[in-house]
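Note sheet for the following structure.
Ligands are counted one by one from 1 in listed order, and the atoms in each one are counted from 1 as well. Residues: numbered from 1 along the sequence shown.
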Amino acid sequence: MPNACVVGLQWGDEGKGKIIDILTDEYDIIVRYQGGGNAGHTVVVNGAKFVLHLIPSGILHPNKKCVIGNGVAIDPALFLEEVEELRKRNISVENNLFVSDRAHLVFPYHKLLDQLSESEKGQEKIGTTGKGIGPCYADKMARVGIRVVELYHPEHLERLIQRNVEEKNRLLQGLYNAAPLSWKEIYEEYRAYADRMAPYVCDTVGYINEAIKASKRILFEGAQGSLLDVDLGTYPFITSSNATACGAASGAGVSPKQIHKIYGVMKAYTTRVGGGPFPTEAEGALGEHLRERGGEFGATTGRPRRCGWFDAVAVKYAVMINGVDEAILTKLDVLDDQETVKICVGYKCNGKIYERFPPDLAILSASGGCEPIYEEVPGWRQDTSHCTSLQELPSMAINYIQYLEEILDIKITMISVGQDRRQIVRPDSVSSARLSTNLPSYRDR
Ligand code: IMP
């Protein structure tokens, strides 16, 4: 199976950064295909913490190539900051990092409009990261976006920036009563970025396809999570790109036939940052406890994440739309002190039971909407953070994982029990451990 894609199966922050870092060993090229500075992938290597927003986590491996694909919304200031930070920490970014000339650029007016539009929304706020992602993709779709390649045609760039800034200024002044921006200043700023970005910019579509022909192995790195996908997520409380595996082909410029395996990453419980429905959200002491134990604060914005039990209805949907081959469970250790662990297996709304994830926000929203139906399993009340094999995991932890495998009808082939690269259990599949624990199958209970 030469090429694979890693996606999040919840609302983002599933711990994909660490998993991509581990899987990178098996691949030659790591390609980010959507999103932008809104993402925050945290990787801990020998106690040193790295938070990457645009650059694939594969960059921490010296002999691998990393690509920021055409589907990514690139904020050049953020990109160059990240490059500098990596350089300072002696991580090489020479001849191993490529930026697509087809990718769209994030401009200051995107960030400003993102923030102003949010502040106007009140109760209906999406809770965006304020990084200009929605407005940048909106311009792309409206065919007025500006791509990386345009940075290298100064006259054309000048015309495009002037046209866009003048248009956005009408919006900024008329709708938001905000100060207008200077297109000349923005033009000068981006001309300077053009020179600094030049060593990294290339035709990544050609590069990746040539590499595939030369039998190189590609890992496509998804950002955010499937339930934030613009087409398939909890619209409008989503991000503005295809965070599912479906986005990998268009966002990297390869045929879907070139993606041979899909890894789905899911946290042992659920979190979400920003607004929108979250049926299993625990607002009281449990939510607070999971947030503290799991360090659930946004890697990009520092915002506290909303927390709750594992939602199997939502994840089952994500497994289906991505065609997940193998699931990876993260942050199991956060549940180590729970007496019992709950899993949502359906929603009850107006006397009707939903086992399929509905698009209707009125059903999904907890207030006046659905009531989660939970199954409860015993907790394990033991530290799992040192475990590196299935045999070392407490039998009740295996029971929980096996329960998830069965209910989702998917193999779990990796279990993460801490932030460090080494805190990982890699069984072929947890169901194979059932015999050793003598636990009955979920279906037999
Ligand atoms: P945007 O992508 O900044 O427009 O934000 C839209 C929604 O997606 C908000 O609810 C954000 O909190 C959420 N979001 C964006 N990026 C991430 C991420 O990397 N992890 C988790 N949530 C995210």
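Nearest protein neighbour of atom 23 (C) of ligand 1, counting heavy atoms only, is Leu228 CD1, 3.7 Å. Closest to atom 9 (C) of ligand 1, if we only count protein heavy atoms, is Gly127 O, 3.2 Å. Scanning all protein heavy atoms for the shortest distance to atom 17 (C) of ligand 1 gives Gln224 CG, 3.5 Å. Protein heavy atom in closest approach to atom 7 (C) of ligand 1: Ile238 O, 3.7 Å. Nearest to atom 3 (O) of ligand 1 among the protein's heavy atoms is Thr129 OG1, 2.6 Å. Atom 2 (O) of ligand 1 has Thr239 OG1, 2.6 Å as its closest protein atom, hydrogens excluded (heavy atom only). Scanning all protein heavy atoms for the shortest distance to atom 5 (O) of ligand 1 gives Thr128 CA, 3.3 Å. Among protein heavy atoms, the minimum distance from atom 20 (N) of ligand 1 is reached at Asp13 OD1, 3.1 Å.
Between Tyr317 and Phe357, a ring centre-to-centre spacing shorter than 6.0 Å is recorded. Ring to ring, Tyr400 and Tyr403 are not that close: their centroids are 6.0 angstrom or more apart. A ring-centre distance under 6.0 Å is not found for Tyr193 and Phe79.
Residue Trp11 has at least one heavy-atom neighbour below 4.0 Å for each of these atoms of ligand 1: 21 (C), 22 (N).
Salt bridge absent: Lys64 and Asp25 never bring a charged side-chain N and a carboxylate O closer than 4.0 Å. Residues Arg87 and Glu82 are not paired through a salt bridge, judged by the lack of any N-O separation under 4.0 Å between the basic side chain and the carboxylate. At a threshold of 4.0 Å, the pair Arg291-Glu296 does not count as salt-bridged, since none of the basic side-chain nitrogens sits closer than that to a carboxylate oxygen. Taking 4.0 Å as the cut-off between side-chain N and carboxylate O, Glu14 and Lys267 do not count as a salt-bridged pair.
Within the 4.0 Å heavy-atom cutoff, Arg303 counts among the residues contacting ligand 1. Using a 4.0 Å heavy-atom cutoff, Ser240 is absent from the residues neighbouring ligand 1.
At least one N or O atom of Asn38, backbone or side chain, sits closer than 3.5 Å to an N or O atom of ligand 1.
Residue contacts with ligand 1 for Phe237 are absent, since no atom lies close enough (heavy atoms, distance under 4.0 Å). By the criterion of a heavy-atom distance under 4.0 Å, neither the backbone nor the side chain of Lys131 is placed next to ligand 1. Looking at Val273 against ligand 1, both its backbone and its side chain come within 4.0 Å, counting heavy atoms. Neither the backbone nor the side chain of Asp114 comes within 4.0 Å of ligand 1, counting heavy atoms alone.
Side-chain N/O atoms of Trp11 and Thr234 include a donor and acceptor closer than 3.5 Å.
Remark: Glu355 pairs with no residue by the side-chain hydrogen bond (donor to acceptor under 3.5 Å, both in side chains) rule, at least two apart or across chains.
At least one side-chain heavy atom of Leu23 sits under 4.5 Å from a side-chain heavy atom of Glu26.
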